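Structure in structure tokens, see below.
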Amino acid sequence: MDYLSGRPDNDKMSKNIARLLDLISEHIEIMADEELNLIIITNKIKQVEQPYRNILELRFVEGMKVEEVAVELDKEYRYTKKLIKKAIMKYADL
């Protein structure tokens, strides 16, 4: 059918476009909320003493795996896991 004539094909396309615009709007709102949460978390991490602040930033802001954090810190894996747990406790105490 003709897309410009107002027939059912045009109605279906209009509904699909409206739904797409709604989804885009929802996505933008979710991204804005996530950005605000990241800012809040980052500001709280800045209050944690070193070296725990650095550990939290590597693990949770930069998204490094525990193994990667261990390499970055030049520490053993098991010790790094303990440091991360301690850093999380320091964060939670704020």
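Note that the coordinates shown come from a computational prediction; the quantities given were computed from them, not determined experimentally.
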_Within 45 degrees of the ring normal and closer than 6.0 Å to the centroid, is that where the cationic atom of Lys44 sits relative to Tyr91?_
yes
For Glu29, the salt bridge (charged side-chain N to carboxylate O under 4.0 Å, His left out) test, sequence neighbours excluded, returns none
Next on the checklist: If you count heavy atoms of other groups shown closer than 6.0 angstrom to CD of Glu76, is the number above 12?
Outcome noted: no
### Query
Do Tyr79 and Leu73 belong together in a cluster built from hydrophobic side chains that touch within less than 4.5 Å?
yes
Sorted by chain and residue number, the side chain to side chain contact (heavy atoms under 4.5 Å, CB included) partners of Asn43 (sequence neighbours excluded) come out as Ile39, Lys46
Exactly one candidate in Val69, Leu83, Thr80 meets side-chain contact (heavy atoms from CB on, under 4.5 Å) with Arg59; the answer is Val69
Sequence neighbours excluded, the answer for side chain to side chain contact (heavy atoms under 4.5 Å, CB included) partners of Gln47 is Leu94
Applying side chain to side chain contact (heavy atoms under 4.5 Å, CB included) to Phe60 and not counting sequence neighbours gives Leu56, Ile84, Ile88
By side chain to side chain contact (heavy atoms under 4.5 Å, CB included), Leu21 pairs with (sequence neighbours left out) Ile17
- Asp74 atom CG, neighbour heavy-atom count above 12 within 6.0 Å: no
Tracing side-chain contacts under 4.5 Å among Ile, Leu, Val, Met, Phe, Trp and Tyr outward from Ile40 reaches Leu36
Would you find more than 12 non-hydrogen atoms of other residues, nucleotides or ligands less than 6.0 Å from Glu35 atom CD? no
dist Lys65:NZ -> Tyr77:OH (nearest 0.5 Å) comes out at 10.5 Å
So CD1 of Ile45 and CG of Leu38: to nearest 0.5 Å the spacing works out to 8.0 Å
When rounded to the nearest 0.5 Å, the distance separating CG of Asn54 from CD of Glu72 is 7.5 Å
Distance col, row Thr42:OG1 vs Glu57:CD, nearest 0.5 angstrom, shows 7.5 Å
When rounded to the nearest 0.5 Å, the distance separating CG of Leu23 from NE2 of His27 is 10.5 Å
